[in-house]
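Both backbone and side-chain heavy atoms feed into the values below; hydrogens, waters and symmetry mates do not. Residue numbers run from 1 in the order of the sequence given.
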Amino acid sequence: EVQLVESGGGLVQTGGSLRLSCATSGFVFGDYAVGWFRQAPGKEREGVGCVSNNNTTTYVDSVRGRFTISRDNPHNTVYLQMNSLGPEDTALYYCAAGPQRVLIGLNLGESTLGYNCPSNDMDYWGEGTLVTVSS
């Protein structure tokens, strides 16, 4: 079965760093884009960023320059490196995978389209890992 398992969440102080991992299995990893999404308590889910099957990335404005998404294809794993964390980053972080053929605009790059990684294009979701940033 398809599985996406996040890990690496925890408590970190403002200004600190954390790296989340998303270990995947059960689908053809190279045919999928993978995204990170987050949901803070009492707020709606929002996108963080995505990485395409050819390593093109996109980020929302609030994390651009602080967060970096990468993928390790031999291990079917995606990472979210988070730096300069603030309390506004406190949330349950999810990874999700969607077919690259559906996320058509992602490989065009942000210079052309800006952030473009709709959550509705994602087929598979993990259970999330909690990140808490103390002030």
Side-chain angles (χ1 to χ4, degrees):
E1 73 277 26
V2 172
Q3 287 191 314
L4 287 82
V5 181
E6 303 94 338
S7 62
L11 177 64
V12 64
Q13 290 183 305
T14 296
S17 297
L18 210 58
R19 189 176 80 156
L20 307 183
S21 298
C22 175
T24 75
S25 61
F27 62 96
V28 182
F29 188 72
D31 289 341
Y32 280 74
V34 178
W36 287 94
F37 303 83
R38 65 186 183 183
Q39 187 168 20
K43 299 183 68 176
E44 62 188 11
R45 186 186 65 204
E46 64 176 350
V48 175
C50 293
V51 60
S52 78
N53 66 341
N54 68 3
N55 287 308
T56 301
T57 54
T58 187
Y59 304 94
V60 296
D61 290 343
S62 61
V63 310
R64 187 176 293 109
R66 299 188 299 121
F67 291 10
T68 303
I69 299 171
S70 60
R71 63 191 294 155
D72 180 356
N73 287 337
H75 295 95
N76 297 340
T77 301
V78 172
Y79 300 98
L80 177 64
Q81 177 67 47
M82 304 184 293
N83 300 324
S84 301
L85 287 163
E88 68 275 13
D89 298 311
T90 294
L92 187 64
Y93 283 72
Y94 302 91
C95 64
Q100 188 63 63
R101 68 181 187 275
V102 175
L103 285 92
I104 300 171
L106 183 55
N107 279 328
L108 295 177
E110 290 190 324
S111 63
T112 301
L113 297 176
Y115 176 79
N116 189 255
C117 190
S119 62
N120 287 342
D121 288 346
M122 300 297 170
D123 290 340
Y124 309 123
W125 291 78
E127 294 295 322
T129 185
L130 183 63
V131 172
T132 303
V133 184
S134 62
S135 59

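Under a 4.0 Å N-O distance rule, the pair R66/D89 qualifies as a salt bridge.
Looking at residues two or more places apart in sequence or on another chain, you find a salt bridge (Lys or Arg N to Asp or Glu O under 4.0 Å) between E46 and R38. For D61, the side-chain hydrogen bond (donor to acceptor under 3.5 Å, both in side chains) criterion is met by R64, not counting sequence neighbours. Every residue was checked against the side-chain hydrogen bond (donor to acceptor under 3.5 Å, both in side chains) condition with N55, not counting sequence neighbours, and none meets it.
Side-chain N/O atoms of T77 and D72 include no donor and acceptor closer than 3.5 Å. With hydrogens and angles left out, the side-chain atoms of S119 and R45 include a donor and acceptor closer than 3.5 Å. Inspection of the N116 and T58 side chains reveals no N or O donor paired with an N or O acceptor under 3.5 Å.
Between the side chain of Q100 and the backbone N or O of I104, no donor-acceptor pair lies under 3.5 Å. For Q3 (side chain) and S25 (main-chain N/O), no donor-acceptor pair under 3.5 Å exists by modelled atom type.
Sorted by first then second residue, the disulfide (SG to SG under 2.5 Å) pairs that include residues 23-92, not counting sequence neighbours, are C50-C117. Residue pairs that meet the ring pair (Phe, Tyr, Trp, His ring centres under 6.0 Å) test with at least one member in residues 91-135, sequence neighbours left out, are F27-Y124, Y32-Y124, F37-W125.
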Show me the donor-acceptor pairs, under 3.5 Å and distance only, between side chains in residues 128-135 and residues at least two apart or in other chains.
unit_1: T129; atom_1: OG1; unit_2: G9; atom_2: N; d: 3.1

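Using a 4.5 Å heavy-atom threshold, the side chains of S17 and V12 count as separate. A 4.5 Å side-chain heavy-atom check between N83 and F67 finds every atom pair outside the cut-off. No side-chain heavy atom of V51 sits under 4.5 Å from any side-chain heavy atom of W36. Between R71 and N76 there is no side-chain heavy-atom pair separated by less than 4.5 Å.
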